[in-house]
Protein chains: 2
Amino acid sequence: MRIAFAEAEAAAQRGEVPVGAVVADASGNVIARAGNRTLELKDPTAHAEMLVIREAAKVLGSERLTGCDLHVTLEPCAMCAGAISFARIRRLYFAAGDEKMGAVEHGACFFGLDTCHHAPDVYSGLGEEQAKALLRDFFRKRR
Amino acid sequence: MRIAFAEAEAAAQRGEVPVGAVVADASGNVIARAGNRTLELKDPTAHAEMLVIREAAKVLGSERLTGCDLHVTLEPCAMCAGAISFARIRRLYFAAGDEKMGAVEHGACFFGLDTCHHAPDVYSGLGEEQAKALLRDFFRKRR
């Protein structure tokens, strides 16, 4: 999660909403890391989770990341929750909850739906205050 | 939608689940077309809708496809519904509903949630039988 925060801070430096993510393999080795790049890439799908899943799939040469864990600084949205499910992520760790767009513990609560065919184990709250402060500072400076 | 079906048929020829999608601008000009390529690209996010949205964003040079319409042969899943919302798609047309994974008229019913901040107008059912037949034939041959 430390690396995910470094990626979130780097995203903020680029003027992107500060969210960072990491994929680690079953042994805990980091195989991909990414920050949000929607503005830079002009790509509405370029959330940190999407980029890190695509990168990890490339590294492993498989569209399934079975046994891998994803660490992200903010609760995933519906798009990212869907991708996490398709990628067969084993464990999802996220820092801050996202009442506005989250789809894990808010909104769709996607992993509990019948239309979700693989759900990771979910661990939330680790680093919550740090993640919230990062987002708060970012949006305060933009006003 | 005719082009979306051609993309779905091409996907089936490649051994991919046959789903195809098109993005058209406000005047109805096709600006991007794509079929599902999750296996070929080894990318769990490479659904037809995701690829076509990313391509259209590249063509327009913007992460927002304001005024554009998306035509797809199957009801979008949660991942794709999220991307459609972020991309500010104006109208979504889909052929067959998807009880198993759909997130528009099934499951999350994402566009009706408070955590969805832009919802397209949705038109479903046009070409439904053709889309269902395509999927049925594909899965029958794979057994």
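Chain naming here is simple, since letters A, B, ... match the order of the sequence lines and numbering starts at 1 in each.
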Subject >> Leading residue by heavy atom contact count with chain B [cutoff under 4.5 Å; candidates A:Ala46, A:Ala56, A:Ser62] >> reply: A:Ser62

Original post:
Do the side chains of A:Leu92 and A:Val22 join up, straight or via other hydrophobic residues, at under 4.5 Å, putting them in one cluster?
Top reply: no

**OP:** Treating Ile, Leu, Val, Met, Phe, Trp and Tyr as nodes and any side-chain heavy-atom pair under 4.5 angstrom as an edge, say whether B:Leu51 and B:Leu74 lie in one connected cluster.
**Re:** no

Subject >> ILVMFWY cluster, A:Ile31 and A:Ile89 together (side-chain gap under 4.5 Å) >> reply: yes

Original post:
Measuring from A:Glu63:CD to B:Lys42:NZ, what's the distance to the nearest 0.5 Å?
Top reply: 7.0 Å

Original post:
Is B:Val17 reachable from B:Phe94 through a run of I, L, V, M, F, W or Y residues, each pair having side-chain heavy atoms under 4.5 Å apart?
Top reply: yes

Subject >> Separation between NZ of A:Lys58 and CG of B:Leu41, rounded to the nearest 0.5 Å >> reply: 9.5 Å

Subject >> Whether over 12 other heavy atoms sit under 6.0 Å from B:Leu39 CG >> reply: yes

**OP:** For each of A:Ala103, A:Ala83, A:Cys109, tally heavy-atom pairs with chain B at distances under 4.5 Å, and name the one with the top tally.
**Re:** A:Ala83

Original post:
Measuring from A:Met79:CE to B:Ile53:CD1, what's the distance to the nearest 0.5 Å?
Top reply: 9.0 Å

**OP:** Give, as side chain, backbone, both or neither, the part of B:Thr45 having an atom under 4.5 angstrom from any heavy atom of chain A.
**Re:** side chain

Subject >> B:Val72 with B:Phe111, same ILVMFWY side-chain cluster at under 4.5 Å >> reply: yes

**OP:** Check A:Gly107 against B:Thr115 and note the closest heavy-atom contact, atom names and distance.
**Re:** CA-OG1, 3.5 Å

Original post:
What is the minimum heavy-atom distance between A:Phe86 and B:Cys77, and which atoms define it?
Top reply: CE1-SG, 3.7 Å

**OP:** Find the one option among B:Leu65, B:Asp43, B:Ile84, B:Leu113 whose heavy-atom pairs under 4.5 Å with chain A are most numerous.
**Re:** B:Asp43

Subject >> A:Glu40 atom CD, over 12 foreign heavy atoms within 6.0 Å >> reply: yes

**OP:** Heavy-atom pairs under 4.5 Å with chain B are the metric here; pick the option from A:Pro44, A:Ala87, A:Gly102, A:Cys116 that has the most.
**Re:** A:Pro44

Original post:
chain B heavy atoms under 4.5 Å from A:Ala81: which part of the residue, side chain, backbone, both or neither?
Top reply: neither

**OP:** Report, as yes or no, whether the 6.0 Å neighbourhood of atom CZ on A:Arg64 holds more than 12 heavy atoms from other residues, nucleotides or ligands.
**Re:** no

Original post:
Could you give the distance from CE (B:Met50) to CZ (A:Arg54), rounded to the nearest 0.5 Å?
Top reply: 8.0 Å

**OP:** Can you measure from CE (A:Met101) to NE2 (B:His117) and round to the nearest 0.5 angstrom?
**Re:** 6.0 Å

Original post:
Near A:Ile3 CD1, under 6.0 Å, is it more than 12 heavy atoms from other residues, nucleotides or ligands?
Top reply: yes

